[in-house]
Amino acid sequence: MTQDMITLGFDRIIEQLKQQAVSQAAREILDRTEPILNEARCRARMEETTAARRVLENAGTPPLSETDGPESGIIHASQGDMLMPAELNTLARFCVTVRRMRRYLEGARIWSAGISSWSTELPDLAALEDEIGRSIREDTVLDDASPALKNLRRLKERAEQDIRDKLNQILLRHKNELADSFITRRGGTFVVPVQKKYQSSFPGRAVDFSSKGTTVFMEPSAVRDLQQTLDQLSVDIDTEERRVLWELSGRVAGEEERLRAALRVMTDLDVLFARAKLSQETSSRPVTLTAERVIKLKDARHPLLDRSVCVPLNMELSLPDCGIAVTGPNTGGKTVCLKTVGLLTLMAQSGLHIPCGEGTVIGMMDRVLCDIGDSQSISQNLSTFSGHMTNIIRILGECSRDSLVLLDEPGSGTDPAEGSGLAASILEELLRRKCLFMVTTHDPQIKQWAARTEHVIPARMGFDHASLQPLYRLELGKSGESCAIEIARRLGMSEELLKRARQVADHGPDAIPEKQHDPMRIPAGRLQRMQSKAENAFERFTKGDSVMLLPDKKNAIVYQPADDEGNVVIQLQGRKITVRHNRLKLLVPASELYPPDYDLSIIFDTVSNRKAEHTMSRKFDPDAVIVISEGNTSGQS
């Protein structure tokens, strides 16, 4: 798949197509879907899809199945391996599916003789289906697989019953020696649970022990001969089952050619009906295919857009006209228009139905080439303009008279005058080659070129100036405006900026701007810059600040802010100590902890000190004593 196809979204259509298939083999074939260059084959593919869609709608979903499992069984059988019951059962189910598909196709004759004829290519595998079904069910070989197997299994059941009867008698005779009264099996051998202390006296051999070791599971001597008979019957049964499996595997190997033919046809039908299912799911229809130079779309929709809101596209481009130059507003649908034309062309030429109206005609192209979107590449050191030019040079190197070229704003992303010149020269070259092309542009020079150039059709995307809403409708024969200022207004741009934009557009950038009466609000900056500090500066704190003393991580209160030496007096657990400022981390500033007129002495002074201070403030008291013990430097560092 080319990059052009991916740009147009063809890869996403193929993914949708693959999801309609049932088998992995069909999905792998569908993954290689690409446009067909042979006109007869292309038309036949389209007619096949149409016939399959008609059968699908009238006869229902075909009985298809996964093919990986049957193919694996066929390979193993052809290599001489013995197929297991599950593998044979998978092949039997495949044979059932083939039988049902034959009946489905035969019943579809009234809607499509061509689709119905596939039934003749599906082999009749009823005999193999019956043989496997008679011998195998799920992962088991049935009794009826052979008379010998049926007889051996009957003898085995009788031997097991004889052993159980014998063991039941032993349970009654030795119940005092047993840990429990039940019969079980260990390693295929019938045993009874015996208490550990009776192991030596109990007639028999130990086969297994309980997890705690208190119980011994023993095979009584009385049933040893019967157990040996049972073991021999099990060997004989296994041998007979293998004989049956080998015989059935040889039968499958003998039908290898017919089984592979059935796989091939079922895969081809899966591919065919996947195209029909996609047509049904996307509400698509067949179109007229021609090798003539023409594209005629009637009510066409982009298949990847919501069809409930997608505006249908109507256009026609045919010789002698070679190109369409589409103008109009941003967000008006010009690029979607290009992608719709390119993608529907790829789909139709691949035999797929497309979402469109009756009367649509798709001319076959040897290539669909496009330059759409951002071609910037950091890894290849390409700017947007360089990326576009590289792509366009590649397109000019590949495009022939039978190509379709789609260019989205050629010449943009550089000096407007030089870009216009490049775009004009590119379009003139495409016109000289007489290939079909579509181009979108905002360039007034290209608009004028399209209007006066023979065999180029000017077109525009409709725009409602009253509601300032794009109409997403292609209008041929008319040139449109970009409507950038109107769209900016609809998106909410300031009217003052729009007035200036219109002034510059009308009179050039040298026009003197009008005075702005309502300037736009400038949001406050949110960048948090680091504050520069003077040398030896440090945080001094404030009395009452809540801090953490490091590295002890103890909470304290600042009593005296830092002095010029950086020493801070804090109150910690009722004591006042002096520490270095860098050992403190501010938790909550005092301004957030206390009201403005709060008396901090309540925190730092004792009750007796506060009473003494209160007394001394009123009168002299020779007995009043204020004890000051601040500034203990025991905590200083």
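Of the possible donor and acceptor atoms, one in the side chain of Asp366 sits under 3.5 Å from a partner among the backbone N and O of Ser403. Under a 3.5 Å cut-off, the side chain of Thr360 and the backbone N or O of Gly357 do form a donor-acceptor pair. Looking only at distances, a side-chain donor or acceptor of Thr327 sits under 3.5 Å from a matching main-chain atom of Ala459. The backbone N or O of Glu409 sits less than 3.5 Å from a side-chain atom of Thr440, completing a donor-acceptor pair. The main-chain N or O of Glu398 is found under 3.5 Å from a side-chain atom of Arg367 such that the two form a donor-acceptor pair. Asp299 places no side-chain N or O within 3.5 Å of a backbone atom of Cys356 that could act as its donor or acceptor partner. With hydrogens and angles ignored, the 3.5 Å screen pairs a side-chain donor or acceptor of Thr340 with a backbone N or O of Val336. Under a 3.5 Å cut-off, the side chain of Tyr104 and the backbone N or O of Ser116 do not form any donor-acceptor pair. No donor-acceptor pair under 3.5 Å is formed between the side chain of Ser283 and the backbone N or O of Ser279. Between the side chain of Glu121 and the main chain of Trp118, no donor-acceptor pair closer than 3.5 Å is present.
Across all non-hydrogen atoms, the minimal contact from Thr282 to Pro355 is O-CB, 4.1 Å. What you find for Leu343 and Pro303 is that their closest heavy atoms are CD2-CG, 3.6 Å. The two residues Cys95 and Glu129 come nearest to each other via the heavy atoms CB-CB, 3.6 Å. Considering all non-hydrogen atoms of both residues, Ala108 and Val55 come closest at CB-CG1, 3.7 Å.
The neighbour count for Arg41 CZ, taken as heavy atoms of other residues, nucleotides or ligands under 6.0 Å away, does not exceed 12. Taking a 6.0 Å sphere around CD of Glu292, one finds it holds 12 or fewer heavy atoms contributed by other residues, nucleotides or ligands. The 12-atom threshold is exceeded at CD of Gln79, counting heavy atoms of other residues, nucleotides or ligands nearer than 6.0 Å. Counting heavy atoms of neighbouring residues, nucleotides and ligands inside a 6.0 Å radius, atom CD of Glu39 exceeds 12 of them. Other residues, nucleotides and ligands contribute at most 12 non-hydrogen atoms within 6.0 Å of the NZ atom of Lys298.
Looking only at side-chain heavy atoms (C-beta outward), Arg293 and Ser318 stay at 4.5 Å or farther from each other. Contact check for Leu431 versus Thr453: side-chain heavy atoms found under the 4.5 Å cut-off. Using a 4.5 Å heavy-atom threshold, the side chains of Thr290 and Arg43 count as touching. For the pair Leu304 and Ile13, the minimum side-chain heavy-atom distance is below 4.5 Å. In this structure, Phe437 and Leu317 have side chains that are not in contact, with every pair of non-hydrogen atoms separated by 4.5 Å or more. At a threshold of 4.5 Å between non-hydrogen side-chain atoms, the residues Pro410 and Ile392 count as touching. The side-chain heavy atoms of Thr61 and Phe273, taken from C-beta on, include no pair separated by under 4.5 Å. Residues Leu404 and Leu369 form no side-chain contact, since every pair of their non-hydrogen atoms from C-beta on lies 4.5 Å or further apart.
A salt bridge is defined here as a Lys NZ or Arg NE, NH1 or NH2 lying under 4.0 Å from an Asp or Glu carboxylate O, and Arg258 with Glu255 meets this definition. Classification of Lys18 and Glu15 as a salt-bridged pair holds, one side-chain N sitting under 4.0 Å from a carboxylate O. Using a cut-off of 4.0 Å between Lys/Arg side-chain N and Asp/Glu carboxylate O, Arg433 and Glu429 are scored as salt-bridged.
No donor-acceptor contact under 3.5 angstrom links the side chains of Ser284 and His353, judged on distance only. Of the N and O atoms on the side chains of Thr49 and Arg275, at least one donor lies less than 3.5 Å from an acceptor on the other residue. For the residue pair Ser119/Arg102, the side-chain donor-acceptor check at 3.5 Å is not satisfied.
Under the side-chain hydrogen bond (donor to acceptor under 3.5 Å, both in side chains) rule, Gln20 has a single partner from Lys277, Arg27, Glu281, Gln280, which is Glu281.
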